[in-house]
Amino acid sequence: LDSRLPLVIFLHALTPAAARDEFQEELVIRPLHSGDIYASFQFRTLWDTDFLQEGQKVSHYRLFPKSLGQVLSKFSVRELHISFSQGFWRTMQWGQPFIPSPPGAELWVWFHDTVSDVDGNWKELTNVLSGIFCASLNFIDLTNTVQPSASFKPLGLGNATDHRFLRYATLPREIVCTENLTPWKKLLPCGSKAGLAVLMKSEKLFHSSFHSQAVHIRPICQDEQCSSKAWELRQTLNVVFDLHTSGQGKKEWSLFKMFSRTLTEACPLASSSKVYVDITDNPELFELSPATPLLGQAVVLGDRRTYSVYDLSRAETFGQLRSFNLLLRDMLRPLLHAERYVAGFGLQTGEIHTVIYNNHPYRAFPVLLMDSVPWYLQLYIHTLTVTSKSRDNKPSYIHYQPAKDRHRPHLLEMLIQLPPHSMTEVTVQFERALLKWTEYTPDPNHGFYVGSSVVSALVPSMVAMRTNFTQDQPLFSSFVPVKEESSYFVRVYTEPLLVNLPTPDFSMPYNVICLTCTVVAVGYGSFYNLLTRTFQVDEPSPPLSKRLANLIRRIRGVPLLT
Amino acid sequence: MNYCNLITIFAFINLLVSIPHGYSNYVETKAGQFFSSGHTNNWAVLVCTSRFWFNYRHVANTLSVYRSVKRLGIPDSHIVLMLADDMACNYRNPKPATVFSHKNMELNVYGDDVEVDYRGYEVTVENFLRVLTGRLPPSTPRSKRLLSDDRSNILIYLTGHGGNGFLKFQDSEEISNMELADAFEQMWQKRRYNELLFIIDTCQGASMYERFYSPNLMALASSQVGEDSLSHQPDLGIGVHLMDKYTFYLLEFLEEVHPASQANMNDLFKVCPQSQCVSTPGHRTDLFQRDPGSVLITDFFGSVRKVEITKDTINLTSPVEPPIKRSGSSDIQIESLTYVDQLPVAEIIHQQDCLEANVTRCRRKQQRTRKLNCQVVEKQTA
């Protein structure tokens, strides 16, 4: 802190009245137990300004992207979290991610309490974001938006938490591809030209087991005393590279092998640019080249881990960042894990099962389960059962908002106490609705998606967590504010469901018209003929000999031949 | 001798005078040609209407035209790209984030900075017609709008499966040639284009431009009525056909065009004759006012930039003073700010008791509500 003070004063002297903003970037590389490798990029822009101040419009943008700043001030947004993911995060094999996200697109927003029409602002906000990120977010409307009553508390500063100003929606079908990465990269101050973003090439990023990019905007404490607030924009990108498709079976990784690029310089606009490599498992057996004397320790997700730190703002780090040879050991088994699947047969009824595992040997803790089910799966809440260790487990809080056909989805929130070392199962039966024929998608036989359930929990931690925020804490361990030392907050997403609805045969209207017209034509036509057709006897013309004979007979005056 | 000298001097002076005069004539003709077309900006609407993995070639068609149009100068903000399905990040694609147009994976037309404006289920007949006529809901972002004016040259490219008089959208709906002609007439009446080039690569594509009746339209199709457009070649690694024949030869032709080239529409009409394409490409120019030989390819595929070179200096205004930060505002804010508890278990259970208390209030049991400190519970409007 002492060394930073003269730096701060120096900066002040240079820019007397300019807005103070800073940019930090970091990359965390963590080898996973299964041999895959997890890379997490975090870019943070911190800006001491107020978007929501009356009368004073922010006009001079430097590091903070203007498109997002204008969105925040126009719609009076207090917090915005949007994520796009491809693939599913496998908690049991990979542990917990630093920042979780469900498959598809997820958007949740806290509006300021001065907003009078939250639904109108929400609708316009989703349209504007769909233009910024080139995604079909305009499909978010009232039929898939919910207003959770207890989940998704704000992650930023604030005292009032009136859930009327919160909106949450997911689009599990949304695809992530280069067209979403391109505008995301354009929001960074250095773009993809310098710094860590140089590594983001789409051909390697999308050839992976899991890819997730997110934008999180929230107000946070500017310093330790927390006397004023600053706006924080975090852009995160999590990738899990598969060992077998990209490495040739050997557990040997390098930056070039993962990203097909190497780092050449730090972003000149960044105040700190670091690469962390997790070396907690087997620090003496593997070899990192080039070696670095810098080591750091951080407590993240309830575990104390050791990292090798490479500071990119120092010139001696560069040269080549070449192959990492790593050997891996067993890592900490995740304490909380959830799965979801559909049971039953046929196209009329079914059952949703959500299974939550508590792997802690002796501690019980509560979890908040939030389920948002579209209206076309009609849930029968009287069949809802929650069982732990084959005994009934009554939740201490249930909030259920029933669906309204074509207006609102189901929302079910429950606070369940999980007994230690147990499996809790939540089941509910449903019936599938028959949609109107214009409501089917062009490929209805693919099925309809149901968004992931969200399990939020305060998991007891093996290691004491730090409750005060310091400025030199790495970004990946300072995302969620920590209130008490003995537990950490975690959010686990389940799989999305793919459900088949009774699908009509769309060629039937054509078949029916053909058949009906044929029947009518044949039936009516023959009846009409019977009524109106007259029969006349038609004599064939006589042969030539007979005609000659008749002519002679006429001349003679004798009766004619018939 | 004197006479000869005089003649040579006279000829020399004449030459000196005529060279700059000839040069200015040349510049004038060039300048005249530059402003002859009458348009000031270029737009492109590129639509792929087919869904499903086996229609990979339609997406590759559209992306190759997108690539050529971007290369010749039209920026992303002036291109409306509609792809009905995602081939690049499809799980069946052995090379994710790539779409190839040539076998042996030579040319990746997907690129690294593609911006798709309408994708997946958004590509419908309604959205296409709304984009053309400009009748979009007010909250539509700018990147999804066709903001052309009466001095815009627009290129419209459609590809997919079609028939005699219709084009199929995503296997569930179709657009007829009469609807398309009416949409172009609406655009003309609203002065939304200066000149329009319409290219279609489907089976029986010529039927789609038969009904046009608005002025300044030129149309090209890959096959006549009664003929099928064929695909070019399959790729054994990817497993599907990569491109259609007409667009493949069109792409080959466009790769030779650069922003300053003088190739004109007559060259475009000769692309893919029947010997290469098996189907007979057709075109229609009777509604177009200029002679096709004088229309440059870059009038539609490239982008016009009017550059004025000036030699005088321009004074920039003094920089804007940043607003003086109101001092003393930090003194007023004495209250410390805190983060919210992420999972306040006690508060949530208290909420449940309040809900139950409200129920009991209906049954006229007042005691419980007085003891709990419940906030007014907002009635959920139906």
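Below, chains carry the letters A, B, ... as their sequence lines are ordered, and counting in each starts from 1.
Comment: K186(A) engages E115(B) in a salt bridge, judged by a side-chain N to carboxylate O separation of less than 4.0 angstrom.
At least one cation-pi condition fails for R173(A) and F448(A): the charged atom is not both under 6.0 angstrom from the six-membered ring centre and inside a 45 degree cone around its axis.
Contact of F152(A) with chain B is not made at all, since no heavy-atom distance falls under 4.5 Å. With a 4.5 Å cut-off on non-hydrogen atoms, R119(B) touches chain A through its backbone and its side chain both. With a 4.5 angstrom heavy-atom cutoff, F52(B) touches chain A only via side-chain atoms. For a residue to count as touching a neighbouring chain, one of its non-hydrogen atoms must lie under 4.5 Å from one of that chain's; by this rule E173(B) does not touch chain A. Both the backbone and the side chain of I220(A) have a heavy atom closer than 4.5 Å to some heavy atom of chain B. Neither the backbone nor the side chain of D171(B) comes within less than 4.5 Å of any heavy atom of chain A. Contacts of L415(A) with chain B are made by side-chain atoms alone, with heavy-atom separations under 4.5 Å and no backbone atom involved. Using a 4.5 Å cut-off between heavy atoms, L155(A) contacts chain B through both its backbone and its side chain. Interface residue F489(A): only side-chain heavy atoms are found under 4.5 Å from chain B.
Side chain of H211(A) to main chain of F206(A): no donor-acceptor pair is present (N/O by atom type, distance under 3.5 Å, no hydrogens or angles). A donor-acceptor pair under 3.5 Å links the side-chain atoms of N93(B) to the main chain of T98(B), judged by distance alone.
Taking A150(A), S136(A), G131(A) one by one and counting their heavy-atom pairs under 4.5 Å with chain B, the maximum is reached by S136(A). Taking T126(A), D443(A), I132(A), V367(A) one by one and counting their heavy-atom pairs under 4.5 Å with chain B, the maximum is reached by D443(A). Of the residues considered (L368(A), I398(A), L157(A)), L157(A) shows the highest number of contacts with chain B, using heavy-atom pairs under 4.5 Å. Considering only heavy-atom pairs separated by less than 4.5 Å from chain A, the leading option among Q342(B), R142(B), E122(B) is Q342(B).
Aromatic ring centroids of Y56(B) and W53(B) lie under 6.0 Å apart. The aromatic ring centroids of F100(B) and Y110(B) lie 6.0 Å or more from each other.
With no hydrogens or angles considered, no side-chain donor-acceptor pair links S139(B) and E124(A) at under 3.5 Å.
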